[in-house]
Amino acid sequence: MASKPFEPNVFLKLKKCFAGLRKSIAFLKECLNLGLTPVSHKVVVNEKVPSKLVKKLESGFIKDSVEKLYAQLNIKTLKCYALHLKLARDYPIEFPAFLTKVKVAEKCEERRKERVLRNKLELLKARQPPRNYEKPSVAVLDGFVVNRSKEEFTDKQIDLLNKGLNYAVSRKPRMDQIIIDVETAIRSKLRRKEVFYVKADKGNSVVIMDKTDYNGLMQAKIDEGPYRVRREDPLPEMVKEVEKTLKDCGPILGFAPGALKVSAPIVPRIKGLPKIHKPGNEMREIISGVNAPTEKVAKWLLNEFKRMPKPFKTRSVTNTLEFVKRLQASRGIEEDEVMVSFDVSALFPSVPVKEASNLLEDWLLQQHNGSTWKLKKADKHHEGNTEHLEPLVPA
């Protein structure tokens with residue numbers, strides 16, 4: 001039987017959801033003011049329909065989305081208010097400190113969402129593609145669709161795929177029901193095709209692959225890669241190891257370790273993302289940890305690391321827009337200089353685990369005195385498995 005969700009975690013998720021909803025509403029309103037239409041709100045109609053009517057229809061879609069987001073915000077506000085009162089009553093001593101932590105997490109989520117939507121808005125400003133209704137080619141990179149299968153797709157099917165893999169048709173009260181029924185029928189036909197719709201390794205492109213080709217490429221990756229068949233199911237061992245670690249780290253967590261346990265865990269699964277930016281049919285293996293025994297632990301660690309006062313030093317960039325901005329902010333490239341890029345094959349899987357752990361440990365030990373973190377560290381100066389709890393910094 002599934003356990004009841006940990007109420008402080010529910011409250012934290014609601015607060016972070018507020019930040020995302022507010023930024024999404026502001027983003028859609030800005031699109032209305034600038035006359036831009038996100039890909040998810042574009043309308044596909046006959047070419048004889050006047051462009052002004054199409055633009056008005058798309059504006060109606062955006063306005064309906066704004067109203068829907070406001071409704072979600074109101075519902076979640078009521079839930080959060082009731083939970084706020086309950087937590088303040090059940091945990092009168094711990095709640096003020098917990099509320100401070102929640103506000104920091106909400107602010108971080110707000111900045112993250114704002115950064116993502118700001119980049120998306122800049123892309124819409126820089127590239128507002130003209131409407132054309134010609135038959136798409138096999139690879140429609142500008143429309144984010146790449147067809148590597150033997151199946152043929154109509155214009156409307158390609159346009160619907162351009163809205164993204166997560167696009168879902170919803171019934172909107174002020175929109176023409178005929179348009180909704182047409183898109184629903186298109187999605188039904190897309191599902192019946194013997195293909196997979198997967199996200200590309202780079203960018204937001206949708207790649208269409210035959211199921212046989214995808215399965216063959218992934219089977220080749222498994223056969224040629226560093227994998228082996230296990231005689232027993234590894235899941236019980238993984239669950240046991242996670243539970244033991246959470247029990248040992250109870251003093252570090254500051255809350256019930258059971259909140260980080262996955263109720264119905266499964267073994268991590270492998271999937272592949274096609275590399276359309278490279279020649280051939282190369283696939284990138286991704287180990288999906290969704291519903292794995294370590295999923296909640298990994299998410300909790302990531303949130304804690306993001307709130308550290310001294311960010312981890314990195315030279316990576318989020319996307320090409322950030323790279324261009326950094327390049328423009330610097331002295332730029334001189335006439336006698338040439339920019340050279342190097343492609344590293346399998347960068348992340350090749351990172352040595354021990355060295356990475358040592359770097360992470362050194363970074364955690366550099367945090368300021370106000371940190372309440374504690375690190376369970378093996379005593380390397382004594383023999384055996386003696387361990388002790390050591391603060392990150394002197395108290």
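All residue numbers in this chain count up from 1 along the given sequence. Hydrogens, waters and symmetry mates are skipped; everything else that's a heavy atom, side chains included, is used.
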J.: Partners of Lys306 by salt bridge (Lys or Arg N to Asp or Glu O under 4.0 Å), sequence neighbours excluded?
T.: none
J.: With clusters built from Ile, Leu, Val, Met, Phe, Trp and Tyr whose side-chain heavy atoms come within less than 4.5 Å, directly or transitively, what are the remaining members of the cluster of Leu85, listed by chain and number?
T.: Tyr81
J.: With a sphere of 6.0 Å drawn around NZ of Lys101, does it hold more than 12 non-hydrogen atoms of other residues, nucleotides or ligands?
T.: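 Check passes, neighbour count above 12.
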J.: Can you list the residues that meet the side chain to side chain donor-acceptor pair (under 3.5 Å) rule with Glu355, with sequence neighbours excluded?
T.: none
J.: Who are the salt bridge (Lys or Arg N to Asp or Glu O under 4.0 Å) partners of Asp213, not counting sequence neighbours?
T.: none
J.: Is it possible for you to say whether Met238 and Trp300 belong to one hydrophobic cluster, with membership spreading through side-chain heavy-atom contacts below 4.5 Å?
T.: no
J.: Tell me who clusters with Leu273, hydrophobic residues only, linked when side chains sit under 4.5 Å apart either directly or through other members.
T.: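 Members alongside Leu273: Ile286.
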J.: For residues 207-229, pull every pair meeting ring pair (Phe, Tyr, Trp, His ring centres under 6.0 Å), keeping only residues two or more places apart or in separate chains.
T.: Phe196-Tyr214
J.: Can you list the residues that meet the salt bridge (Lys or Arg N to Asp or Glu O under 4.0 Å) rule with Arg115, with sequence neighbours excluded?
T.: none
J.: What distance do Lys150 atom NZ and Ile208 atom CD1 have between them, rounded to the nearest 0.5 Å?
T.: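 If I round to the nearest 0.5 Å, the distance is 15.0 Å.
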J.: If the threshold is 4.0 Å, N to carboxylate O, is there a salt bridge linking Lys120 and Glu122?
T.: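 Not counted as a salt bridge, because no side-chain N and carboxylate O are separated by less than 4.0 Å.
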J.: Hydrophobic clusters join Ile, Leu, Val, Met, Phe, Trp and Tyr when side-chain heavy atoms are under 4.5 Å apart, directly or via other members; which others share one with Leu235?
T.: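 Its cluster partners, ordered by chain and number, are Val239, Val267.
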J.: Name all residues meeting the side chain to side chain donor-acceptor pair (under 3.5 Å) criterion together with Lys221; count only those two or more places apart in sequence or in a different chain, and write none if there are none.
T.: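 Result, side chain to side chain donor-acceptor pair (under 3.5 Å) vs Lys221: Glu282.
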J.: Which pairs count as ring pair (Phe, Tyr, Trp, His ring centres under 6.0 Å) when at least one residue sits in residues 84-118, sequence neighbours excluded?
T.: Phe11-His84, His84-Phe95
J.: For Glu109, is there an ion pair with Arg112 - N to carboxylate O distance below 4.0 angstrom?
T.: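 Yes.
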J.: Which atom pairs, donor and acceptor, lie under 3.5 Å between side-chain atoms of residues 21-34 and protein residues at least two apart or in another chain?
T.:
residue: Arg22; atom: NH2; partner: Glu106; partner atom: OE2; Å: 3.0
residue: Ser24; atom: OG; partner: Gly20; partner atom: O; Å: 2.9
residue: Lys29; atom: NZ; partner: Tyr70; partner atom: OH; Å: 2.7
residue: Asn33; atom: ND2; partner: Lys29; partner atom: O; Å: 3.3

J.: With sequence neighbours excluded, give me every salt bridge (charged side-chain N to carboxylate O under 4.0 Å, His left out) pair touching residues 261-272.
T.: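 Applying salt bridge (charged side-chain N to carboxylate O under 4.0 Å, His left out) to every pair that reaches into residues 261-272, excluding sequence neighbours, yields nothing.
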